[in-house]
Amino acid sequence: MGKPTRFQAPKGMHDILPAEIWRWQRLEAAFIEAATLHGYSEIRTPILEPTDLFVRSIGESTDVVQKEMYTFQRHDDSLTLRPEGTASAARAYVQHAVQALEPISRWYYLGPMFRAERPARGRQRQFHQAGCEIFGDPGPTCDAEMISMLVSMFVDLGIGELEVSISSLGGPETRPKYRSVLLDFLRPKAADLSEHSRARIEVNPFRVLDSKDEGDRAAVEGAPSILDYLSDEDRAHWDALKTQLEALEVPFRVSPGLVRGLDYYNRTLFEISSSAGELGAQNALAGGGRYDTMVEDLGGPKIPAIGFAMGLERILLAMGESERVVEPSCFVVPMGEKATIDGLVLARELRQLGVRVDVDGRQNSLKSKLRRANSSGARVCAIIGESEIETGTVQLKDLLQHSQEQVPRDRATRIIADRLLGSTPRAGGND
RNA sequence: GUGGGUGUAGCUCAGUGGUAGAGCACUGGAUUGUGGCUCCAGUUGUCGGGGGUUCAAUUCCCCUCACUCACCCCA
């Protein structure tokens with residue numbers, strides 16, 4: 001018998017170990033705080049949804065639906081691991097008739113998403129997104145507010161070199177009109193386009209404008225801009241959005257060629273990218289836009305909506321290294337059996353007062369325990385040995401100040417707690 | 001999905017057709033009960049996995065897996 005096979009996480013799916021989880025928690029806390037300040041409440045939906053939900057909302061012809069979904073059969077149901085969060089939120093909104101409870105709903109979510117792509121830096125098969133959705137508000141005020149929230153959150157996280165791109169896709173009047181104008185422009189140029197783009201002209205001509213191919217870019221130079229074909233209402237919405245963003249001092253770039261890979265968007269479209277940190281080619285940190293017809297398309301009432309999603313892995317790359325904030329804690333070092341029992345009790349007493357405590361119960365040398373105390377980042381260390389048990393004392397060592405004092409065991413808990421948490425002036429504070 | 005690069009100790013990486021090394025980390029000691037610095041000693045590897053060539057493969061060849069870069073796509 002050989003050794004058992006060593007398993008590893010599936011391709012493109014990663015463990016996040018304790019050594020790095022604090023960065024995730026910091027990011028998540030910043031997101032939750034920003035969302036909460038803006039009136040969003042969390043929604044949690046299943047990670048699996050009926051496959052058709054994504055086909056209908058994201059769009060049958062999109063890459064996400066055509067080749068990236070994890071889909072499987074379970075009895076008679078076709079289920080899919082969610083590739084994004086908006087469809088689920090909209091499904092939940094419709095299922096629970098939330099429009100009957102309140103005119104406007106602001107939701108945020110956070111969690112893993114799945115897309116079967118070839119992994120690269122900033123692109124994994126299981127990745128994590130956080131996002132916000134607003135149902136029932138036609139904008140454009142909430143559009144501007146949403147973009148502004150994202151930008152200030154990124155700035156607060158220390159991410160530099162941000163670029164905000166915005167555009168408008170117009171509504172049901174604008175799109176067909178622009179589409180035919182664009183087709184008239186592209187068809188004669190088909191011969192100059194890359195094979196990839198040529199194939200797209202009829203399927204999704206908007207995407208041709210977004211090509212990275214140099215030949216395509218040259219050929220597309222001077223293409224008509226959708227912004228010149230907006231209906232009066234779409235134009236009013238678009239102009240107001242820009243005015244409000246300027247008022248909020250959000251620097252943005254108008255990118256008429258901006259395209260999202262999901263079919264459901266209309267009117268406001270935005271993307272925030274950064275060239276900071278260790279981001280490679282995948283430098284879009286967040287993207288979103290309006291999807292005013294999705295709720296209705298999913299069998300609900302006519303309810304306008306807007307949302308965005310941000311990729312947590314990429315944001316962490318863009319954030320780069322940062323100082324870990326270590327919370328004050330106490331390290332208890334007992335030597336010997338009796339002392340170990342007492343160390344356990346001391347630790348419990350300290351925890352009851354809200355102090356973070358480690359007890360090193362290994363049967364090894366004082367030196368190695370102190371080494372661990374030091375590298376744990378603990379601020380103080382309580383040493384209990386045979387002689388301390390006999391004299392009813394504890395050696396209280398301050399690892400930062402390199403000082404040590406002997407304190408009575410019965411006052412040790414209070415003294416340590418005061419030192420770490422700061423003495424809390426309660427009734428009659430006399431200092 | 002297409003094309004390229006990489007894969008040696010827990011981590012960062014040297015190295016060789018004759019089955020391996022450094023630094024960091026870890027453990028012990030110098031200090032029989034005192035951490036961060038210093039010094040000394042020690043532990044750790046199926047040289048990513050499988051197959052082939054060879055007397056002999058970690059080294060050469062093929063396949064495969066993982067990561068990575070570009071394309072693609074997107075957050």
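No hydrogens, no waters, no symmetry mates; every other heavy atom, side chains included, goes into these values. Order of the sequence lines fixes the chain letters, A, B, ..., with proteins taken first and strands second; residue numbering starts at 1 for each chain.
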With the side chain of [X] defined as its heavy atoms from C-beta on, choose the nearest nucleotide among [options].
X        : options             : value
A:Arg371 : B:A75, B:G3, B:U27  : B:U27
A:Lys367 : B:C74, B:A66, B:G35 : B:G35
A:Lys397 : B:C67, B:A75, B:G35 : B:G35
A:Arg362 : B:G4, B:U27, B:A75  : B:U27
A:Asn374 : B:A75, B:G35, B:G28 : B:G35
A:Arg118 : B:A66, B:G3, B:A75  : B:G3
A:Pro119 : B:G35, B:G33, B:U68 : B:U68
A:Glu117 : B:A75, B:G33, B:G28 : B:A75
A:Lys11  : B:C69, B:A66, B:G29 : B:A66
A:Ala309 : B:G35, B:A75, B:G29 : B:A75

Using the [atom1] atom on both, measure [N] against [M] and round to a whole Å.
N     : M     : atom1 : result
B:U19 : B:G33 : P     : 44 Å
B:G48 : B:A14 : P     : 14 Å
B:U64 : B:G45 : P     : 30 Å
B:G21 : B:A9  : P     : 14 Å
B:C73 : B:A56 : C1'   : 48 Å
B:U58 : B:C26 : C1'   : 26 Å
B:A20 : B:C24 : P     : 23 Å
B:G28 : B:A66 : C1'   : 37 Å

Using only heavy-atom distances, decide whether a donor-acceptor pair under 3.5 angstrom links the side-chain of [X] to the base of [N].
X        : N     : answer
A:Arg123 : B:C73 : yes
A:Gln66  : B:G1  : no
A:Gln395 : B:U34 : no
A:Ser368 : B:G28 : no

Check the distance between [N]'s [atom2] and [X]'s [atom1] and give it to me in whole angstrom.
X        : N     : atom1 : atom2 : result
A:Asp360 : B:G35 : CG    : C1'   : 12 Å
A:Arg372 : B:G35 : CZ    : C1'   : 13 Å
A:Met335 : B:U32 : CE    : P     : 12 Å
A:Ile383 : B:G35 : CD1   : P     : 9 Å
A:Phe127 : B:C73 : CZ    : P     : 16 Å
A:Arg121 : B:C72 : CZ    : C1'   : 19 Å
A:Tyr264 : B:A75 : OH    : P     : 7 Å
A:Arg314 : B:C73 : CZ    : P     : 13 Å

Discussion item. Taking the nucleotide of RNA chain B with the nearest heavy atom to each, does A:Gly385 or A:Glu68 sit closer to the 5' end?
Written reply: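 Counting from the 5' end, the first nearest nucleotide belongs to A:Gly385.
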
Discussion item. Heavy-atom nearest nucleotide on RNA chain B for A:Met13 versus A:Leu366: which residue maps closer to 5'?
Written reply: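 Between the two, 5'-proximity favours A:Leu366.
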
Worksheet item: Salt bridge or not for A:Glu68 and A:Arg123, using N-O below 4.0 Å?
Response: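 A salt bridge is absent here (no side-chain N lies under 4.0 Å from a carboxylate O).
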
Worksheet item: In terms of side-chain geometry, is the basic nitrogen of A:Glu349 or A:Arg409 positioned less than 4.0 Å from the acidic oxygen of its partner?
Response: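 Yes.
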
Discussion item. Could you check, using the six-membered ring where one of them is a Trp, whether A:Tyr108 and A:Phe31 have ring centers closer than 6.0 angstrom?
Written reply: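 Yes, the ring centres sit under 6.0 Å apart.
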
Worksheet entry | Taking every non-hydrogen atom, the tightest pair across A:Ser274 and A:Leu162 |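 What the structure gives for the nearest pair is CB-CD2, 4.1 Å.
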
For [N], the Watson-Crick or wobble counterpart (both distances under 3.5 Å):
N     : answer
B:G1  : B:C71
B:G45 : none
B:U16 : none
B:U38 : B:A30

Worksheet item: Run the side-chain contact (heavy atoms from CB on, under 4.5 Å) check on A:Tyr70 and A:Gln126 step by step: do they pass?
Response: CA-CA 10 Å; A:Tyr70 283 97; A:Gln126 176 175 336; over 6 Å; no

Worksheet item: If you count the non-hydrogen atoms of other residues, nucleotides and ligands that lie under 6.0 Å from CZ in A:Arg362, is the total more than 12?
Response: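 For A:Arg362, atom CZ is crowded (more than 12 foreign heavy atoms under 6.0 Å).
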
Worksheet item: Checking all strands, does A:Ala120 fall into the base, sugar-phosphate, or nothing category for heavy-atom contacts under 4.0 angstrom?
Response: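 The residue A:Ala120 makes sugar-phosphate contact but no base contact.
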
Worksheet item: Counting any heavy atom closer than 4.0 Å, what does A:Gly12 reach on the DNA or RNA strands: base, sugar-phosphate only, or nothing?
Response: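 The residue A:Gly12 makes sugar-phosphate contact but no base contact.
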
Discussion item. If you define the side chain from C-beta out and look only at heavy atoms, does anything of A:Ile226 sit under 4.5 Å from A:Leu182?
Written reply: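 Side chain of A:Ile226 against side chain of A:Leu182, heavy atoms only: no contact under 4.5 Å found.
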
Item to complete: Kindly say if A:Ser375 contacts the phosphate of B:G35, meaning a side-chain N or O under 4.0 Å from OP1 or OP2.
Response: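 No.
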
Discussion item. One pair to check against salt bridge (Lys or Arg N to Asp or Glu O under 4.0 Å): A:Arg267 and A:Asp143. What are the steps and the verdict?
Written reply: CA-CA 10 Å; A:Arg267 286 199 172 166; A:Asp143 306 19; over 6 Å; no

